[in-house]
Amino acid sequence: MATDLASGKHDHVVTRFPPEPNGYLHLGHAKAITIDFGIAAEHPRSRCHLRFDDTNPSTEETEYVDGIIRDIRWLGYDWGEHLYFTSDYFGKLYDYAVDLIRQGKAFVDDQSVEAIRANQGSLTEPGRESPYRSRSVEENLDLFERMRAGEFEDGSRVLRAKIDMAASVVAMRDPILYRIQKKRHHRTGDTWCIYPMYDFAHCLSDALEGITHSLCSLEFVDHRPLYDWIIDQLDTPSTPRQIEFARLNVTHMVTSKRVLRRLVEGGHVRGWDDPRMPTLSGMRRRGYPPRAIREFCEAIGVTRSESVIELANLEFHVRQVLNREAPRRMGVLDPIKVVIENHPEDGEDWLDAINNPEDPEAGTRQVPFSRELWIEREDFMEDPPKKFFRLAPGREVRLRYAYFITCREVVKDASGEIVELRCSYDPATRGGDAPDGRKVKGTLHWVSAKHAVPAEVRLYETLFREPEPDLSTEASMDAAIAKDSLTVVSQAWLEPALAEAAAGERLQLERLGYFSVDPDTTSGRVVLNRTATLRDTWAKVVRQGES
RNA sequence: UGGGGCGUCGCCAAAUGGUAAGGCAGCGGCCUUUGGAGCCGCCAUCUGUAGGUUCGAGUCCUACCGCCCCAACCA
């Protein structure tokens, strides 16, 4: 592409993103989108078109068109006035086909599907020419006209290019250009009953739109000779060029419409926008910022080598953006009660808390402190190992933005389960620093019990345990799906600032991770999705202690 | 076994034939009112293998090896 600009072949670039409206966009599409739109944005006088490749009415629906538009907008891209549909070109495409027939380079084939397949040859053997290949131009013209008029049944005839049945590239063995499908099209209705195939429609649509560089994935490399052949035979307004790059693969994820559909239809997830899904709608609901996805796609580069990116790489970009942007809040997922014995029964005390240490502009908020608090159960240990810096009997720790507290007594129920910690606080440490200069090793997050907002919190693991799951058969796929990728915490407590949280908001619960407010949230109950955990070096210490 | 694509650190990925960038992960350390963030350092004598050309090769040549794609009236 750089060569074309340097040589003066083009002084600008026109690309296109050509989704088929038969499903939802996923992370793999995000890579293509950032490349297609990104390259256009990098060059002067350039643009990227959004073109729906809607040539197969039996699988495509308007519902998907709307979803795709919404997802690309969310990702942050804009096509201006350049929204197109391949179906807009059906008339022109038909004329091109007629032109090909007139040139004697296309013919109507009456063979059955089975016969065409049988005569296709194999990878190592050439195919056999159709007995209808040498029909006259007049007969072909007549037959094609009647195909269009609806005189023939589905599958009874096709229009094929006349190229070379012995070609080593299978795509060049008299490829099918048009097939009969008496299906209502989501945009053209019943106007047509013959529809062009991808290979015929795509290159010509590119040429019609003045696309300079038609970027696609590696599996189309074999189709490039056909792409060029069709453009060569016909009088097109421009000569686009196809350039291929490798698709995106990420460990523990799949970007195959077939597999994603099975996850949804098999009830393994709650829908296309389940936060575990690699769909754009799923990642949006999960709380992935679009900027993070864009930065990830830019960071992994564009090459022709097939690669599998580690999930950690994606998560790095998600955390990087969220660290800069997400407001900090406090919440407790697995609560244990703390009673501050020397705190007045009805007293309450509002403390200043920083909203985002990475962004001074984010300001501060007030959090209430009172006699009864919730802290995280795992932040207390009766008999702590050496490197455990959190609360333990007799030990003093800091409650973030509040006070130092010291654990005085552990209260258990009949079964030995800890139900309450009796603690004292040092009023002189208000705000979190001791005037006498004494230090504590641990800082805990907490929530005032009296002021706490109830919440449901959904924690996610990857849908596949293995980095590269075997999806070759239905059985192996079912075996590869993790059955416990969703954990629902039904009784979590959040600080009151979160009472009014609106769906889609992203935040960090300090020390726990990044979360997004799920659309299931109601006025009485907040629902959070955990987007990503924080990096956890304590977990590493624990791991090393075990090994 | 026909055609095509690809092989540079655990994962990505740069490198006019001029002496192997960078990011992620990992590992040390500093700092810290998030065991977060940040900061510092370490991490390929070597580019699938074997030859060859050259003063000089990841880049050129030859031969092997390995992985992936192509036989829908899908895109």
Side-chain angles (χ1 to χ4, degrees), chain A residues 18-20 22 53-56 58-60 109 111-113 116-118 120-127 154-160 166-173 175-181 194-195 197-199 201-202 216-225 244 246 250-251 257 296 299-317 319-320 323-324 328 330 353-354 356-358 387-390 398-402 404 429 431-433 439-445 467 508-514 533-542:
Chain A
E20 182 187 10
N22 71 345
D53 211 346
D54 53 352
T55 58
N56 188 352
S58 57
T59 57
E60 297 154 3
D109 194 346
Q111 291 183 104
S112 65
V113 187
I116 290 177
R117 199 171 296 155
Q120 183 114 236
S122 72
L123 295 180
T124 52
E125 303 160 280
D154 285 16
S156 61
R157 283 182 169 83
V158 291
L159 181 73
R160 300 178 72 179
S168 50
V169 174
V170 180
M172 295 293 273
R173 317 235 263 227
I176 293 170
L177 268 21
Y178 266 90
R179 78 286 212 186
I180 301 170
Q181 259 194 56
I194 57 171
Y195 294 93
M197 299 289 287
Y198 165 84
D199 285 308
H202 201 87
C216 63
S217 50
L218 245 23
E219 63 264 36
F220 292 99
V221 170
D222 287 340
H223 294 245
R224 195 170 61 221
E244 311 85 9
V250 178
T251 60
K257 281 180 190 170
F296 166 72
I300 58 175
V302 184
T303 70
R304 290 168 72 89
S305 59
E306 289 163 42
S307 59
V308 184
I309 315 279
E310 290 174 346
L311 219 210
N313 207 313
L314 208 208
E315 291 182 327
F316 166 80
H317 289 279
R319 290 192 183 106
Q320 181 174 258
N323 176 50
R324 293 190 300 243
R328 272 56 168 176
M330 289 198 286
I354 293 166
N356 186 347
E358 304 296 318
K387 289 177 179 166
F388 187 83
F389 302 147
R390 285 111 94 148
R398 172 169 40 234
L399 293 185
R400 177 134 238 228
Y401 300 126
F404 286 9
T429 58
D433 280 309
K439 301 289 181 193
V440 290
K441 285 286 264 182
T443 300
L444 311 185
H445 59 275
Q508 181 193 101
L509 288 184
E510 296 214 35
R511 305 212 303 136
L512 294 175
Y514 296 101
T533 58
L534 260 21
R535 276 187 67 231
D536 188 354
T537 51
W538 167 243
K540 193 175 77 185
V541 172
V542 172

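Throughout, protein chains are lettered first and strands after them, A, B, ... in sequence-line order, and every chain is numbered starting at 1.
Here the closest non-hydrogen pair linking A/S156 and A/I180 is OG-CD1, 3.9 Å.
A/T443 and A/R398 are linked by a side-chain donor-acceptor pair at a separation below 3.5 angstrom, with hydrogens and angles left out of the test. No side-chain donor-acceptor contact under 3.5 Å links A/S305 and A/S307.
The CD-P distance, from A/E244 to B/C70, rounds to 15 Å in whole Å. For the pair A/R535 CZ and B/G38 P, the interatomic distance rounds to 8 Å; values are reported in whole Å. Atom-to-atom, CZ of A/F389 to P of B/U34 comes out at 13 Å; the value is rounded to the nearest Å. Rounded to whole Å, the distance from CD on A/Q181 to C1' on B/C74 is 10 Å. One can place NE2 of A/H223 at 9 Å from C1' of B/C69, the figure rounded to the nearest angstrom. With rounding to whole Å, A/H445 atom NE2 is found 18 Å from B/U32 atom C1'. Atom CZ in A/F316 sits about 14 Å away from atom C1' in B/C11, given to the nearest Å. B/C69 atom P lies 23 Å from atom CE of A/M172, rounded to whole Å.
Relative to the side chain of A/V170, the nucleotides B/C70, B/C6, B/G36 differ in distance, and B/C70 lies closest. Side-chain atoms of A/E20 lie closest to B/C74 of the nucleotides B/C74, B/C12, B/U34. Comparing B/U34, B/G5, B/C27 by their closest approach to the side chain of A/E306 singles out B/G5. Each of B/G7, B/G28, B/C70 was ranked by its minimum atom distance to the side chain of A/L123; first place goes to B/C70. If you check B/C73, B/G2, B/A13 against the side chain of A/T124, the one that comes closest is B/G2. The side chain of A/A312 lies closest to B/A25, out of B/A25, B/C12, B/U34. Listed candidates were B/A13, B/G36, B/G3. Nearest to the side chain of A/E358 is B/G36. Of the candidates B/A75, B/C73, B/U1, B/C73 carries the atom nearest the A/I116 side chain, counting heavy atoms from C-beta on.
With hydrogens and angles ignored, no donor-acceptor pair closer than 3.5 Å exists between the side chain of A/E219 and the base of B/G5. Taking 3.5 Å as the limit, the base of B/G23 and the side chain of A/E310 contain no donor-acceptor pair of atoms between them.
Taking the P atom of each, B/G22 and B/C39 are spaced 16 Å apart, rounded to whole Å. Comparing B/A14 with B/G29, their P atoms are spaced 34 Å from each other, to the whole Å. When the P atom is used for both B/C73 and B/U47, the distance is 46 Å, rounded to whole Å. B/G7 and B/C42: their P atoms are spaced 30 Å apart (whole Å). If you take atom P in B/G58 and the same atom in B/A71, they sit 39 Å apart, rounded to whole Å. Rounded to a whole angstrom, the distance from the P atom of B/C74 to that of B/A15 is 41 Å. Taking atom C1' in both B/C68 and B/G48, one finds a spacing of 15 Å when rounded to whole Å. Spacing of P atoms, B/A75 relative to B/G38, comes out at 46 Å, to the nearest Å.
A/Y401 comes within contact range of at least one nucleobase, with a heavy-atom separation under 4.0 Å. Heavy atoms of A/V158 sit under 4.0 angstrom from at least one base atom. Among the atoms of the strands shown, base atoms are found under 4.0 Å from some heavy atom of A/D222. Within 4.0 Å (heavy atoms only), A/Q111 reaches at least one base atom of the nucleic acid. Looking at heavy-atom distances under 4.0 Å, A/I309 makes contact with sugar-phosphate atoms alone, never a base. Within 4.0 Å (heavy atoms only), A/D433 reaches at least one base atom of the nucleic acid. Contacts of A/S58 with the nucleic acid, taken as non-hydrogen atoms under 4.0 Å apart, are absent. At the heavy-atom level, A/K387 lies under 4.0 Å from base atoms of the strands shown. At a threshold of 4.0 angstrom between heavy atoms, the contacts of A/R304 are confined to the sugar-phosphate backbone, with no base atom among them. Nucleic acid contact for A/F388: base, since at least one base atom lies under 4.0 Å from a heavy atom of the residue. Residue contacts for A/R328: at a heavy-atom cut-off of 4.0 Å it reaches a base atom on one of the strands shown. At the heavy-atom level, A/T443 lies under 4.0 Å from the strands shown only through sugar-phosphate atoms. Using a 4.0 Å heavy-atom criterion, one finds that A/V541 contacts no nucleic acid atom at all. Nucleic acid contact class of A/G301 (heavy atoms, under 4.0 Å, all strands): none.
Residues forming a side-chain hydrogen bond (donor to acceptor under 3.5 Å, both in side chains) with A/N323 (at least two apart in sequence, or on another chain): A/R328.
More than 90° away from 0 lies the glycosidic angle of B/A25, which makes this nucleotide anti.
Summary of the strand contacts: A/I300 and A/R400 both lie near RNA chain B, and taking for each the nucleotide with the nearest heavy atom, the more 5' one is attributed to A/I300. Mapping A/V113 and A/A539 onto RNA chain B via the closest heavy atom, the residue that lands nearer the 5' end is A/A539.
The base-pairing partner of B/C6, taking Watson-Crick or G-U wobble contacts with both distances under 3.5 Å, is B/G66. Both distances falling under 3.5 Å, in either a Watson-Crick or a G-U wobble arrangement, occur for no nucleotide opposite B/A44.
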